[in-house]
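Everything on this sheet refers to the single structure shown next.
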Amino acid sequence: MQQDTAIAQHGSVATDSNHNEAIETAVPALKLTNLSKRFGTGDDAIVAVDDVNLTIEPGSIVGLLGPNGAGKTTLIKCALGIIIPDSGSVSVFGNRVDGTRRSAYRDVDAMLEGARNDYWRLTVRENLRYFATIHGIDPNSVTQQHDRLLDRLELTDKADTPVRDLSRGMKQKVSLASVLAGGASLVFLDEPTLGLDVESSRTLQQELRRLAHEDGRTIVLSSHNMDVIERVCDRVVMMANGRIVADDSVNELLSDATRDTVQITSADIDERLVETLIDRFSVTVVGETAAGRTTIEITHAGERLYDVLDVLRNEAVTIDDIRTVQPQLEEVFVNLTGMGSEQTATSGRAE
């Protein structure tokens with residue numbers, strides 16, 4: 001989604017040294033207040049967004065997670081003005097969308113999954129110049145910025161190649177470059193690493209962090225790739241059934257999910273002992289290593305770890321390895337939303 005008006009600067013531009021201070025003092029980049037959206041009427045109505053309140057500060061990268069049908073895509077489209085909410089308000093850099101739509105969106109851009117936001121007959125560089133022009137910027141005045149952007153996204157060698165001749169991964173990077181070419185301060189990215197190889201994905205992640213923490217851009221990132229969210233985002237918002245069920249930093253979400261889980265590996269653990277452990281403790285995983293040793297995971301161990309060790313000692317078990325298990329963001333996501341990242345939500349909700 002490209003805008004046709006000039007770029008404007010909002011709040012303070014953050015650097016590594018003043019990033020946190022700028023976030024605390026600047027006007028919110030995005031504020032959603034009591035936002036609701038449903039499709040249809042009566043008993044057949046589908047609730048997509050249900051009274052959501054969300055504030056995003058400038059210069060931050062916020063991950064938006066939710067299973068299919070959680071409402072995250074509808075929320076993004078409401079924030080972008082593509083879908084008009086039934087109730088509630090949207091403010092962008094202090095401008096309420098319903099009152100000053102043009103000025104509110106003058107410094108916003110987006111790359112939505114499945115939406116082709118670049119022109120395949122044009123070269124990579126021509127796309128960047130075109131989208132800068134849409135933002136009211138003389139493309140000749142930002143040539144050096146575009147060169148740096150092409151270099152950081154490893155597109156320099158393809159700068160004069162028509163987009164239609166590029167690989168899928170390269171096209172994905174061109175789409176991102178086109179969104180960034182106009183210098184928008186608030187950017188929405190839906191599955192930006194889709195189709196990228198590991199190295200290209202890491203390059204993209206580094207550039208996103210730089211854009212936020214050095215250039216002061218605000219990025220709302222929606223993805224099913226938990227590793228990307230965990231490595232890139234300052235904060236994670238999780239949705240389920242049209243509502244926000246979690247909103248915190250990755251570290252806090254993982255810290256809250258700590259389960260006191262221990263993993264024990266031994267060649268002396270047989271099926272009979274496994275059954276004994278299952279009866280007495282919260283055994284969640286039983287597996288076998290390549291060397292033929294049995295591995296078990298026991299949750300909520302806490303003080304009961306000593307009881308586990310007593311059982312193993314009485315059975316003459318020699319422990320080959322014992323370690324604590326750190327929770328993963330995907331595990332937190334499943335626990336909070338009640339479903340896997342690819343699972344479709346129950347009827348009555350829409351994405």
Side-chain angles (χ1 to χ4, degrees), residues 1-3 61-65 68 72-73 76-77 80 82 108-135 137 139-140 142-184 186-215 217 219-233 329-330 341-342 351:
M1 171 182 173
Q2 273 70 34
Q3 306 300 321
I61 307 179
V62 177
L64 182 60
L65 295 177
N68 294 333
K72 60 185 185 299
T73 299
I76 290 174
K77 290 183 177 180
L80 289 169
I82 298 173
V108 180
D109 217 328
M111 182 177 76
L112 302 181
E113 183 182 4
R116 194 182 80 181
N117 68 310
D118 39 51
Y119 290 89
W120 289 12
R121 291 180 181 272
L122 299 180
T123 67
V124 174
R125 191 185 301 277
E126 287 170 343
N127 268 281
L128 268 59
R129 291 175 61 84
Y130 172 75
F131 288 116
T133 302
I134 284 180
H135 278 272
I137 299 172
N140 293 323
V142 289
T143 298
Q144 291 184 345
Q145 290 93 316
H146 287 178
D147 286 342
R148 285 196 296 270
L149 183 60
L150 292 170
D151 180 60
R152 286 167 178 154
L153 292 178
E154 299 177 346
L155 288 169
T156 301
D157 292 343
K158 302 293 184 180
D160 299 316
T161 302
V163 174
R164 63 184 176 185
D165 296 333
L166 300 177
S167 66
R168 179 186 178 187
M170 284 288 185
K171 289 175 181 175
Q172 184 79 349
K173 289 199 286 187
V174 174
S175 292
L176 176 63
S178 297
V179 168
L180 300 176
L186 173 59
V187 178
F188 292 81
L189 303 177
D190 194 4
E191 299 290 356
T193 61
L194 191 67
L196 300 183
D197 57 33
V198 174
E199 183 176 352
S200 295
S201 178
R202 288 178 178 173
T203 298
L204 175 56
Q205 293 168 47
Q206 291 172 357
E207 178 62 10
L208 293 180
R209 287 193 295 268
R210 191 199 65 77
L211 287 168
H213 299 157
E214 294 181 19
D215 292 359
R217 307 272 191 110
I219 299 171
V220 179
L221 174 62
S222 177
S223 177
H224 282 130
N225 190 324
M226 298 293 173
D227 290 338
V228 172
I229 295 293
E230 190 168 345
R231 284 194 293 264
V232 172
C233 296
L329 187 59
E330 182 173 1
S341 59
E342 298 298 331
E351 189 174 6

Is the CZ atom of R121 crowded by more than 12 outside heavy atoms at less than 6.0 Å? no
One should read off an interatomic distance between L64 CG and F188 CZ, to the nearest 0.5 angstrom, of 9.5 Å
When rounded to the nearest 0.5 Å, the distance separating OG of S167 from NZ of K173 is 8.0 Å
Where is the tightest heavy-atom contact between K171 and V163, given as atom of each residue plus distance? CE-O, 3.3 Å
Of all the heavy-atom pairs spanning A181 and L149, show the shortest one and how long it is. N-CD2, 4.2 Å
As an exercise, state the distance from OG of S178 to CE of M111, rounded to the nearest 0.5 Å. 10.0 Å
Could you state the interatomic distance from CG (L180) to CZ (R217), rounded to the nearest 0.5 Å? 5.5 Å
Okay, side chain of N127, backbone of Y119: is any donor-acceptor separation there less than 3.5 Å? yes
Of L189, V187, T193, the one forming a side-chain contact (heavy atoms from CB on, under 4.5 Å) with L221 is L189
So which atom in N140 and which in T143 form the shortest heavy-atom distance, rounded to 0.1 Å? O-OG1, 3.3 Å
Minimum heavy-atom separation for S175 and D118, please, with both atom names. OG-OD2, 2.7 Å
So, do I219 and V232 sit near enough that their side-chain heavy atoms are less than 4.5 Å apart? no
Could you state the interatomic distance from CG (L155) to CG (D147), rounded to the nearest 0.5 Å? 12.0 Å
Quick one: does M170's side chain get under 4.5 Å of T161's, heavy atoms only? no
What side-chain donor-acceptor pairs closer than 3.5 Å can you find for residues 201-211, not counting sequence neighbours?
residue	atom	partner	partner atom	Å
S201	OG	Q205	NE2	2.9
T203	OG1	E154	OE2	3.4
T203	OG1	E199	O	3.0
Q205	OE1	R231	NE	2.9
Q205	NE2	S201	O	3.3
E207	OE1	R210	NE	3.1
E207	OE2	R210	NH2	3.0
R209	NH1	R231	O	3.4
R210	NH1	D215	OD1	3.2
R210	NH1	D215	OD2	3.2
R210	NH2	D215	OD2	3.2

Just how far is it from atom CG of L80 to atom CG of L186, taken to the nearest 0.5 Å? 8.0 Å
What heavy-atom pair brings L112 and D190 nearest, and what distance separates the two atoms? CA-CB, 3.9 Å
Which heavy atom of A177 sits nearest to which heavy atom of L153, and what is that distance? CB-CD1, 3.8 Å
In chain order, what residues pass the side-chain hydrogen bond (donor to acceptor under 3.5 Å, both in side chains) check against E126, with sequence neighbours excluded? T123
Below 4.5 Å, heavy atoms only, C-beta onward: do H224 and N68 meet side chain to side chain? yes
Taking the side chain as C-beta and beyond, is there a heavy-atom pair between K158 and L150 under 4.5 Å? no
Can you list everything that forms a salt bridge (charged side-chain N to carboxylate O under 4.0 Å, His left out) with D160? Sequence neighbours excluded, please. R125
